[in-house]
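Below is one structure, written out as structure tokens; the observations come after it.
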Amino acid sequence: GESEGRSTSASWTMDEDVAAAVDWLAARGDVSPKKVALLGVSMGAEVAVRVAARRRDVRATVAEGLRGGAKDASAAGESWLAVAQLAVLGAVGSVLTGEGAGSDADLVERIAPRPLMLISAGTGVEADINRVFVRRAGGSTQHWNLPDAAHASAIRTDPQGYERRVIPFLNRALSVRPAPGP
């Protein structure tokens, strides 16, 4: 909070910041490197999933409001209009970053078998896409959908449910089990 950098809302500029935070945590003597997780909401979920897919030292990830791109929407059976809107956003990102739009489904697949919790809202595109992500990611992934919630509002919509689901998920995911005896 005391840096003199400038704020941005371009999610692809945040990956290195989050990776640096993971490095900082891992270097601390009072933090177990086996207990580093990421939790991101909306744009933060996109960043958390990208970083976790690249780094094996991220032991667990909670991603709320992950919406993916055009490939993901198409795989979820979304309308041509929804797919087209996401394709335009992906094309802009590709021009600005020099990287292809890719697919969040590919990223969640790379995170597996590490624990991943996906939280989605509503009954439309976001929920449908997250179901595709769960199928791609496999058994180490959990999905919690709040059908009556708005995007990125799980903790406001159901604070007790959030605590009942997210905290135990992280506790299980980050528990360091003793090595089996002889």
Side-chain angles (χ1 to χ4, degrees), residues 1-2 9 11 14-68 72 76 103-181:
E2 295 178 19
S9 60
S11 67
M14 299 175 190
D15 293 11
E16 294 310 314
D17 292 336
V18 172
V22 171
D23 289 338
W24 180 80
L25 282 170
R28 291 181 55 94
D30 60 338
V31 175
S32 168
K34 294 182 180 186
K35 294 190 176 207
V36 174
L38 296 176
L39 185 151
V41 177
S42 191
M43 182 170 37
E46 298 287 339
V47 175
V49 166
R50 281 196 309 269
V51 172
R54 273 195 346 244
R55 296 185 61 127
R56 303 306 290 174
D57 56 345
V58 172
R59 304 299 183 170
T61 307
V62 177
E64 178 183 345
L66 191 63
R67 297 183 97 155
D72 302 313
S103 163
D104 285 354
D106 294 339
L107 297 174
V108 299
E109 197 172 72
R110 288 198 321 237
I111 292 170
R114 290 170 291 148
L116 171 63
M117 174 180 267
L118 299 170
I119 303 171
S120 63
T123 58
V125 175
E126 185 175 312
D128 294 342
I129 288 174
N130 275 265
R131 288 183 192 96
V132 169
F133 296 156
V134 170
R135 284 193 298 275
R136 290 280 301 272
S140 61
T141 300
Q142 296 179 23
H143 179 214
W144 177 32
N145 177 256
L146 291 88
D148 298 322
H151 174 70
S153 68
I155 200 163
R156 286 188 311 278
T157 302
D158 187 358
Q160 292 82 19
Y162 200 92
E163 185 174 351
R164 272 193 324 273
R165 291 170 184 268
V166 176
I167 301 301
F169 167 79
L170 289 171
N171 282 338
R172 283 188 308 276
L174 301 176
S175 67
V176 179
R177 294 172 181 85

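Excluded from the calculations below are hydrogen atoms, water molecules and symmetry mates; all remaining heavy atoms, backbone and side chain alike, are included. We're numbering straight along the sequence, starting at 1.
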Met117 vs Val166, side-chain contact (heavy atoms from CB on, under 4.5 Å): CA-CA, chis, key distance, verdict: CA-CA 8 Å; Met117 174 180 267; Val166 176; 3.8 Å; yes
Val51 and Val47, any side-chain heavy atoms less than 4.5 Å apart: yes
Side-chain touch Pro168/Arg172, heavy atoms, less than 4.5 angstrom: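 A side-chain contact under 4.5 Å exists here.
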Intermediate values then yes/no, side-chain contact (heavy atoms from CB on, under 4.5 Å), Val134 and Asn130: CA-CA 6 Å; Val134 170; Asn130 275 265; 5.6 Å; no
Option among Ile129, Leu116, Val108 that satisfies the side chain to side chain contact (heavy atoms under 4.5 Å, CB included) test with Leu66: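 So the option named by the test is Val108.
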Intermediate values then yes/no, side-chain contact (heavy atoms from CB on, under 4.5 Å), Asp106 and Arg136: CA-CA 8 Å; Asp106 294 339; Arg136 290 280 301 272; 2.5 Å; yes
Distance in Å, [X] [atom1] paired with [Y] [atom2], rounded so as to fall on 0.5 Å steps:
X      : Y      : atom1 : atom2 : answer
Leu174 : Lys35  : CG    : NZ    : 7.0 Å
Glu163 : Asp158 : CD    : CG    : 10.5 Å
Leu38  : Arg50  : CG    : CZ    : 12.0 Å
Tyr162 : Glu64  : OH    : CD    : 5.0 Å

Expected list for residues 143-153: side-chain donor-acceptor pairs under 3.5 angstrom, two or more places apart:
unit_1 : atom_1 : unit_2 : atom_2 : d
His143 : NE2    : Ser120 : OG     : 2.6
Asn145 : ND2    : Ser120 : O      : 3.3
Asn145 : ND2    : Ser120 : OG     : 2.7
Asn145 : ND2    : Gly122 : O      : 3.1
His151 : ND1    : Glu126 : OE1    : 2.6
His151 : NE2    : Ser42  : OG     : 2.7
Ser153 : OG     : Ala150 : N      : 3.1
Ser153 : OG     : Ala150 : O      : 2.6
Ser153 : OG     : Thr157 : OG1    : 3.1

Heavy-atom pair with the smallest gap, counting every atom of Phe169 and Gln142: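 Closest heavy-atom pair between Phe169 and Gln142: CD1-NE2, 3.5 Å.
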Smallest separation among heavy atoms of Ala52 and Val58, with atom names: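 That closest heavy-atom pairing would be CB-CG1, 3.9 Å.
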Charged N to carboxylate O below 4.0 Å: is that the case for [X] and [Y]?
X      : Y      : result
Asp23  : Arg55  : yes
Arg54  : Asp15  : yes
Glu109 : Arg114 : no

Counterpart residues, side-chain hydrogen bond (donor to acceptor under 3.5 Å, both in side chains), relative to Arg165 (two or more places apart):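 By the side-chain hydrogen bond (donor to acceptor under 3.5 Å, both in side chains) rule, Arg165 matches no residue at all.
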Main-chain N/O of Pro113 paired to Ser140 side chain as donor or acceptor, under 3.5 Å: yes
